[in-house]
Structure formats: structure tokens, C-alpha cells
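Values below: all heavy atoms of this structure, side chains included; hydrogens, waters and symmetry mates excluded. Just so it is clear, the structure is predicted and the values come from calculations on it, not from any experiment.
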Amino acid sequence: MTLTLSDIQAAHERIKPYIIKTPVLRLHNLEEILGCEVYVKLENMQRTKAFKLRGVMNALLQLTDEELKRGVVTSSSGNHGHAVAYASKMLGIKATVAVPDTAPPFKLQKIAEHGAEIIPTTVEERFKLQESLVKEHGYTLIPPFNDYRIMAGQGTVGLEILEQLPDVDHIFVPASGGGLISGIGAAVKEMTDGVKVHGAEPANLPKFSTSLQNGELTQVENKGTIADGLVSIIPGEKNFPLVQKYVDTFYTVSEEAMKKGQKLMLMEAKILTEISSSIAIGGILNGEIEVNKKDKICFVITGGNLGFDQLDYIKDTDY
């Protein structure tokens, strides 16, 4: 199996009743600062306040009645778990979420609010734990990224961007395990050759950059990052070949740059984003990513699930 454009188009039709077609906005007041035409795809306005619901709904809606009856399990640092909990509650099924210790309390609260069972774990052990829960209880696994159904659902973001901004030149996508960027990459590149797709990941966790350089999946040292939505230490094995095929460039971005990006979005664009969502904007702002003045660039704002405590680390940040 692999991921096709028809898979993504079918996913879009399947999930339409359950998601919001989020807006693409032009942010004129950021253009002089960033040095390009600035557009944002606002998945922080999605139900559950993040793009993850797209992939989760596409996966759940393809399960059999027997699979749904057994309940589902996943591992997540927050937004994917939130989406699984929300969708499972809507469908009336049991959900269990293995949550690594990097997850912020605000996201844990959202998972719990929808009635999912939360089991603590670590970034390194989370996938082993979810597999053991599948074996022990017979749950159906809903992976956060390493799944073609998930990728197809996330790829619907790319379909919508091309519809809403057909003359876009570049799309920047935050990347963790690779579900979103592989889906968007496949959707965009199978529809047009004229748009560049770029990934951005924390410099502290350069799993895609390292794997692409090595030509094979490579696990990187877990140095930690303030971007709690981008904590994967190795790309998904199903995601990586699609990234190799469809993604033009991968950038690594410093912790300081991400802080600047989040503060710029809050203070100048008046948009509250997770720090993970601001990674490419911060990279440009901090001179770590180069762009051209005439480029029409769409930044995928992946989520907006954060508490006030998570704004403390940008109080003294200058942008």
C-alpha cells in the first residue's frame, strides 16, 4: 500500500460532515517583517483546535462495527489524543491514550474531558506501550502518523489550500512523525508541479533532516524541545518514503526562533498558536529560513491548544 491522490480525495468527502473547512487568511501586517506574501491555513480554528481530527475521523469512519466495539488506543503528546478522545465520544466508543511526559497539562485536560482513559508513558516508550495495549485488550490502534488512513485525512489540508489559494508558491508544514507533511506533500504534488512543499522541525530533534541526509530512517537523540507537538525522535516508516518523494526541503529551527514566531503571531497577527505551529515563521524571522519578497507562502498553523502557562516562556522574547 501507499498513499494516492484518490485516497486523499475520498478522505475529504468522508470527513466533510465532521470537520471545519478552515480559512486561509492573508496577513498583510507580517509581510514587511517576514519579507514575503504571508498566508496562513488556520487549523487552530478546527474542531478540537488542531488538524489532527481530519486523520482520526478518516481512520475511525473506516473501521468495522467489531473494531469500534472493541475500542481504540493511541499514543499522543496531546492533539492526536484529544482528537481520538473527541471522535470516540462522538461515536460512542471507548478510547485509551498513552500520553508521554512531554504533554502539557492543558492538553491532558482536554483528552480527559472527553472521557478517554489516560496512561502515562515516555516519548521513547509510547509506541511499545500502545502495542502492548492492543495485544492485552484487543483495542484497535489509531496511530498518530504512521498510517495511510491518517495521512489521507491530513492531506485534505493540502487539497483545501490549493482550492483556497491556487496561486500559492510555497507551503510550510511543521513536522513531527510526518503524518501531516506526507499527506500534504502527496496531495499537492499529485495535483501540481508548481508548488514547493517544505518541512520544518526543531533543531533539537532533526529526525527528518538526518534521515533524509542518511537516506534511511534514523532515530535522533532526544534533546527535548519546547514544541510539545513536535517531539518524535524518528520519522514514521510509512511517512518517510512519501517525504522523500514529495517534500522539496526540510529546515531545522532553533528553540529561540520558535519563541519569536509564536510571539510575532500573537502580538502582530493577533492569532494565538501553539509554539509548534509557529516554527517556520520563527525560522524566517530569525534568519534560519530564506524567502523571497514576491513569494506567496502559506504557513500551516497546525493547532491552538495551549494554556496561559505556556505563554510564560515568550514574555521576555524579542521578535
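Under the 4.5 Å side-chain contact rule for hydrophobic residues, F250 and V253 do not share a cluster. No continuous path of hydrophobic side-chain contacts links V99 to V231 [ILVMFWY only; heavy atoms under 4.5 Å]. Linking ILVMFWY residues whenever their side-chain heavy atoms come closer than 4.5 Å, directly or via other members, leaves I279 and V247 in distinct clusters. The hydrophobic cluster containing I184 does not contain L42, counting ILVMFWY residues as joined when their side-chain heavy atoms lie under 4.5 angstrom apart, directly or transitively. Placement of M191 and M151 within a single hydrophobic cluster is found when ILVMFWY residues are connected by side-chain heavy-atom separations under 4.5 Å, directly or transitively.
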Evaluate T4 against E190 for side chain to side chain contact (heavy atoms under 4.5 Å, CB included), listing each step before the verdict.
CA-CA 8 Å; T4 67; E190 288 296 327; over 6 Å; no
Might you work through the side chain to side chain contact (heavy atoms under 4.5 Å, CB included) test for L27 and F299, ending with a clear yes or no?
CA-CA 11 Å; L27 303 180; F299 299 93; over 6 Å; no
Start with the C-alpha gap between E131 and F127, add the side-chain angles, then the distance that decides, and say whether side chain to side chain contact (heavy atoms under 4.5 Å, CB included) holds.
CA-CA 6 Å; E131 294 291 347; F127 297 126; 5.6 Å; no
Under the side chain to side chain contact (heavy atoms under 4.5 Å, CB included) criterion, do V72 and S88 qualify, and how do the steps go?
CA-CA 8 Å; V72 297; S88 297; 3.5 Å; yes
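Between Y251 and H198, the ring planes lie tilted relative to each other; the angle falls in the 30° to 60° range.
Between E31 and the options R26, K293, K294, a salt bridge (Lys or Arg N to Asp or Glu O under 4.0 Å) holds for only R26.
Rounding to the nearest 0.5 angstrom, the gap separating the CD atom in E43 from the OG1 atom in T48 is 9.0 Å. The distance from the CG atom of L25 to the CG atom of L165 is 11.0 Å, given to the nearest 0.5 Å. Taking NZ of K41 as the reference point, atom SG of C298 lies at 8.0 Å (rounded to 0.5 Å). Once rounded to the nearest 0.5 Å, the distance linking NZ of K259 with OG of S254 reads 9.5 Å. Note: L61 CG to Y18 OH = 5.0 Å, rounded to the nearest 0.5 Å. Note that OG1 of T249 is 7.5 Å distant from NZ of K196, once rounded to the nearest 0.5 Å.
For the residue pair Y139/Q130, the side-chain donor-acceptor check at 3.5 Å is not satisfied. Between the side chains of Q262 and T273, no donor N or O sits under 3.5 Å from an acceptor N or O. Under 3.5 Å, the side chains of T302 and E274 contain no donor-acceptor pair of N or O atoms. In the model, E216 has no side-chain atom that pairs as donor or acceptor with a side-chain atom of N214 under 3.5 Å. Side-chain contact of R149 with N58: a donor-acceptor pair under 3.5 Å is absent, judged by distance alone. Inspection of the Y319 and E268 side chains reveals an N or O donor paired with an N or O acceptor under 3.5 Å. Looking only at atom types and distance, the side chain of E113 has a donor-acceptor partner in the side chain of Q109 under 3.5 Å away. For the residue pair T22 / Q46, no side-chain donor-acceptor distance below 3.5 Å is found, with atom types taken as modelled. No hydrogens or angles considered: nothing links the side chains of Q164 and K21 as a donor-acceptor pair under 3.5 Å.
In this structure, the side chains of P202 and K207 come closer than 4.5 Å at one or more pairs of heavy atoms. A 4.5 Å side-chain heavy-atom check between L30 and M265 finds at least one atom pair inside the cut-off. Using a 4.5 Å heavy-atom threshold, the side chains of V134 and V73 count as touching. Side-chain contact check for I161 versus V300: some heavy-atom pair is nearer than 4.5 Å. Side-chain atoms of L285 and L34, non-hydrogen and from C-beta on, do get closer than 4.5 Å to each other. Between Q310 and D228 there is a side-chain heavy-atom pair separated by less than 4.5 Å. At a threshold of 4.5 Å between non-hydrogen side-chain atoms, the residues H82 and K107 do not count as touching. Looking only at side-chain heavy atoms (C-beta outward), I142 and L63 come within less than 4.5 Å of each other.
Summarising the geometry of N286 relative to A257, their closest heavy-atom pair is CB-CB, 3.6 Å, with the distance given to 0.1 Å. Among all heavy-atom pairs drawn from A227 and M258, the shortest one is CB-SD, 3.7 Å. Closest approach of L53 to A87, counting heavy atoms only: CD1-CB, 4.3 Å. Taking all atoms of both residues into account, the shortest heavy-atom contact from I150 to P144 is CG2-O, 3.6 Å. Here the closest non-hydrogen pair linking I111 and G78 is CD1-O, 3.8 Å. Residues C36 and D295 share a closest heavy-atom pair of CB-O, 3.7 Å.
No more than 12 heavy atoms of other residues, nucleotides or ligands lie within 6.0 Å of NZ in K49, so this atom counts as exposed by the packing criterion. Counted within 6.0 Å of CD on Q213, heavy atoms from surrounding residues, nucleotides or ligands total 12 or fewer; the atom is thus considered open. For D312, the CG atom sits in a packed shell: over 12 heavy atoms of surrounding residues, nucleotides or ligands are nearer than 6.0 Å. Other residues, nucleotides and ligands contribute more than 12 heavy atoms inside 6.0 Å of the CZ atom of F106. Atom NZ of K94 sits in a crowded spot, with more than 12 heavy atoms from other residues, nucleotides or ligands closer than 6.0 Å. More than 12 heavy-atom neighbours from other residues, nucleotides or ligands sit within 6.0 angstrom of CG on D309. Atom CG of D167 is surrounded by more than 12 heavy atoms from other residues, nucleotides or ligands within 6.0 Å.
Contact check on E66 versus R70 returns a salt bridge, with a Lys/Arg side-chain nitrogen under 4.0 Å from an Asp/Glu carboxylate oxygen. One finds a salt bridge joining E160 and R54 here, because a Lys/Arg side-chain nitrogen approaches an Asp/Glu carboxylate oxygen to under 4.0 Å. In this structure, K189 pairs ionically with D248, as a charged nitrogen and a carboxylate oxygen lie closer than 4.0 Å.
In this structure, the side chain of S278 does not engage the main chain of I281 through any donor-acceptor pair within 3.5 Å. The main-chain N or O of T122 is never found under 3.5 Å from a side-chain atom of D101 such that the two would form a donor-acceptor pair. No side-chain donor-acceptor contact under 3.5 Å links S232 to the backbone of P235. Distance alone, capped at 3.5 Å, is enough to place a donor-acceptor pair between the S211 side chain and the T218 backbone. In terms of modelled atom types and a separation under 3.5 Å, the side chain of K263 and the main chain of T317 share a donor-acceptor contact. Using modelled atom types, no side-chain atom of S182 and backbone atom of N239 make a donor-acceptor pair closer than 3.5 Å. For the pair N305 (side chain) and N79 (backbone), a donor-acceptor distance under 3.5 Å is absent. With hydrogens and angles disregarded, a donor-acceptor distance shorter than 3.5 Å links the side chain of Q154 to the backbone of G55.
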